[in-house]
Amino acid sequence: MPRFALIRLLVLMLLGMSGTPAAAEDGYDLWLRYRTVEPEWQQRYNPAATAIVQQGESPTLAAARAELERGLAGLLGRTVPAAREATGDGAIILGTPDSSPLIAGLDLALERLGAGGYLIRSVTVDGRRATVIASGSDIGVLYGAFRLLRLIQTRQPIDRLDVGETPRLERRLLNHWDNLDRSVERGYAGLSLWDWQKLPRFRDPRYTDYARANASIGINGAVLNNVNSNADILTPVFLEKVAALADIFRPYGIRVYLSARFNAPMAIGGLENADPLDPRVRAWWRAKADEIYRLIPDFGGFLVKANSEGQPGPQDFGRDHADGANMLAEAVAPHGGIVMWRAFVYSDEEPTDRAAQAYDEFRPLDGRFRPNVIVQVKNGPIDFQPREPFHPLFGAMPQTPLMMELQVTKEYLGFATHLAYLGPMWEEVLDADTFADGEGSTVARVIDGSLHDYAHTGMAGVANIGNDRNWSGSQFDQANWYAYGRLAWDPNLSARAIAEEWTRMTWGNDPALVEPIVGMMMGSHQAVVDYMTPLGLHHLMATGHHYGPGPWVDDLARADWNPVYFHRADREGIGFDRTASGSNSVSRYAPAVASRYGSLERVPEEFLLWFHHVPWDHRLAGGRTLWDEMIVRYSRGVEQAGAMRETWAALAPRVDAQRHAEVSDFLAIQQDEARWWRDASLAYFQSLSRRPFPESYAPPAHDLDYYRAIRTPYAPGN
Ligand code: GCW
């Protein structure tokens with residue numbers, strides 16, 4: 001063997017031993033990779049993991065044990081045997097007091113943990129050291145098992161543990177916008193995971209991996225089908241398939257829910273109308289609910305998009321949203337089900353600003369909903385734009401449980417190819433102060449129920465999951481699934497802490513890896529905002545598929561579908577006046593918020609053009625004119641995309657080749673598309689502002705006509 005080949009081999013062997021760039025990885029394992037820890041950590045962990053002791057049996061306890069077996073085998077590089085009794089030091093004892101005499105004997109005061117809560121504690125049992133994972137419920141034990149594994153995955157000591165946690169929200173759901181033909185609305189990760197054609201007979205093992213991943217972050221429900229729904233999902237043939245998925249998910253604490261099409265009694269029930277006050281319609285839904293619960297006793301309930309973007313709803317029959325929601329709520333109530341009624345509505349006839357419509361329709365209904373209805377509100381008042389102020393309904397419906405809907409799939413943030421970690425965006429919304437009940441009335445406190453003492457609480461994330469090997473369409477989009485679950489568990493967690501946790505589990509614990517990756521992630525959302533919609537601009541994307549810039553679009557049927565409606569740029573200035581001199585939708589916020597957002601001096605710069613129409617030469621706090629500042633921001637976004645690329649390139653020696661290459665290629669796409677967004681947008685805005693580019697800022701690479709002529713009719717997700 002030539003000398004350099006020998007050296008190379010030795011280097012590779014050394015790398016292999018230290019756990020750095022290992023075998024090819026494609027991302028399938030998500031954050032549950034369980035790669036073997038470094039030898040010094042192995043030594044530290046070994047004494048605390050000699051046996052997995054479980055008494056009592058249930059499918060959920062079995063899942064917890066199996067995960068510990070699998071995780072510890074990978075992490076510690078050896079099999080940790082299962083046992084019924086702790087016979088030596090270092091046992092991991094898991095269970096509930098009901099099924100495990102060992103745990104019952106420990107007197108752990110588990111009652112104070114709420115549903116799904118768990119405790120992990122280092123204890124001594126009959127003079128032997130042990131770690132106990134205990135909960136009042138089997139599902140809490142499973143959550144605790146994942147937590148113990150996460151401690152090891154992130155290289156925390158486990159010899160003196162006293163960790164207790166309870167989820168702060170009751171419903172932590174994914175909303176799949178999956179169609180019955182397996183296409184996914186706004187999906188960028190392949191086809192739907194649900195292979196309806198082969199269900200219920202074929203139970204793809206991937207369904208179990210989906211459930212494991214969700215359980216690992218505490219997600220406890222999945223709405224399986226698109227809110228733009230097809231009534232066929234409620235027919236017996238499909239319900240059997242849904243039941244098969246429910247059976248697979250049940251041990252992991254995941255309940256299934258369905259999007260109900262409001263006119264299903266007509267579409268599949270042969271009725272002449274779907275009027276929620278018609279006794280025949282009500283009877284139809286009650287019978288349908290009974291049928292579903294016979295097949296799926298723990299069915300979660302219905303999600304409904306009604307009278308929005310062409311979906312049928314109670315208004316078709318002269319009724320309102322409360323009438324519609326209450327009818328369905330009545331049908332599922334005897335079975336313990338809930339109805340999640342979406343507030344994403346804007347009407348065809350309504351001339352008012354879209355940012356005010358949901359508020360105007362729903363706020364008067366506060367107090368009219370049955371107790372098992374939750375109104376589901378998007379984070380912002382328009383539609384999942386790269387940055388929006390919080391939705392004014394938060395804080396405005398004290399008598400109606402509100403849950404928050406976030407979009408994990410990146411419809412408006414560069415699909416799956418742009419790296420945009422959404423943790424900071426969600427954190428910003430959760431931390432926003434509604435002032436509904438004085439200072440400190442944050443959105444997080446609205447949705448965790450503490451502000452208004454809600455009977456139900458929850459969060460919904462529009463899933464970014466498909467049948468791509470890496471599940472989410474890109475390696476880094478897995479972080480958004482992860483962060484969503486963690487925030488639904490505890491809306492007070494910090495986006496940075498979540499990013500670090502995810503990075504350690506997904507890429508490795510080497511600080512030379514963790515720091516740059518977390519840094520990239522934390523700056524990535526702002527970068528996208530900068531190169532797409534800086535300073536409060538919004539809804540500037542191309543039509544239909546929403547891929548790429550289209551700020552010039554002005555020919556769509558409805559005024560409020562056109563980007564020009566939202567940016568209102570002209571010779572004088574740019575921005576949507578939502579103050580008293582304009583649409584006044586700012587008045588829907590509590591006075592303290594309204595006066596801040598409504599003031600040109602005090603509005604946070606990131607929302608400037610959301611609330612104000614501003615002259616091009618208006619001076620901003622930093623001293624630049626608005627026009628110059630826009631150019632600076634657009635350019636900054638593009639630079640940031642380039643910087644991410646460089647950071648990532650430097651990590652090549654520390655990341656497995658396949659995943660590294662995929663991310664590299666995507667970052668190159670992102671940089672190109674960032675430039676496209678910047679140049680197209682500025683070429684267009686310059687045609688109105690007629691102002692020059694400040695020195696040292698490159699003008700667009702092409703003229704406006706070039707950008708306007710770009711067509712991408714086959715962009716995905718439409
Ligand atoms: O953002 C828009 C999407 C639609 C979606 C709608 C909604 C499911 O472009 O695809 O429809 O929101 O949230 O209902």
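In listed order, ligands and their atoms are each counted from 1.
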For the pair E388 and K378, find out whether any cationic side-chain nitrogen is under 4.0 Å from an anionic carboxylate oxygen. no
To which protein heavy atom is atom 8 (C) of ligand 1 closest, and what is the distance rounded to 0.1 Å? N228 ND2, 3.3 Å
Protein contact of atom 9 (O) of ligand 1 - nearest heavy atom, named by residue and atom, plus distance: E411 OE2, 2.5 Å
Counting from 1 in the order shown, the ligand 1 atoms closer than 4.0 Å to a non-hydrogen atom of R186 are 3 (C), 4 (C), 9 (O), 10 (O)
Is the distance from the ring center of F362 to that of H321 below 6.0 Å? yes
Only one of Y684, F576, W610 clears ring pair (Phe, Tyr, Trp, His ring centres under 6.0 Å) with H567; which? Y684
Using non-hydrogen atoms of the residue, decide whether H546 is closer than 4.0 angstrom to ligand 1. yes
One thing to verify: whether E606 and R387 come together as a salt bridge, which I'm taking to mean a side-chain N less than 4.0 angstrom from a carboxylate O. no
Suppose I only count heavy atoms of V227 and a 4.0 Å limit; which atoms of ligand 1 are within that range? 8 (C)
closest protein heavy atom to atom 6 (C) of ligand 1 is E309 OE1, 3.3 Å
Protein residue, atom and distance nearest to atom 2 (C) of ligand 1, heavy-atom basis: D383 OD2, 3.0 Å
If the cut-off is 4.0 Å to any non-hydrogen atom of F344, which atoms of ligand 1 fall inside it? 6 (C), 7 (C), 12 (O), 13 (O), 14 (O)
Treating H545 as the side-chain partner and Y547 as the backbone partner, does any N or O pair qualify as donor plus acceptor under 3.5 Å? yes
Can R342 be said to touch ligand 1, with heavy atoms closer than 4.0 Å? yes
Tell me: protein heavy atom nearest atom 4 (C) of ligand 1, and distance? E185 OE2, 3.4 Å
Among all protein heavy atoms in this structure, tell me which lies nearest to atom 12 (O) of ligand 1, with the distance rounded to 0.1 Å. K378 NZ, 3.1 Å
Salt bridge check: are E605 and R633 linked by an N-O gap of less than 4.0 Å? yes
So for atom CZ, which belongs to R363, do other residues, nucleotides or ligands contribute more than 12 heavy atoms lying within a distance under 6.0 Å? no
Does a side-chain N-to-carboxylate-O contact under 4.0 Å join D204 and R206? no
Pair D577 + R568, salt bridge at N-O below 4.0 Å: no
Number the atoms of ligand 1 from 1 as they appear, then name those within less than 4.0 Å of a heavy atom of Y412, with their elements. 1 (O), 2 (C), 9 (O)
Looking only at protein heavy atoms, identify the closest one to atom 14 (O) of ligand 1 and say how far it is in Å. K305 NZ, 2.6 Å
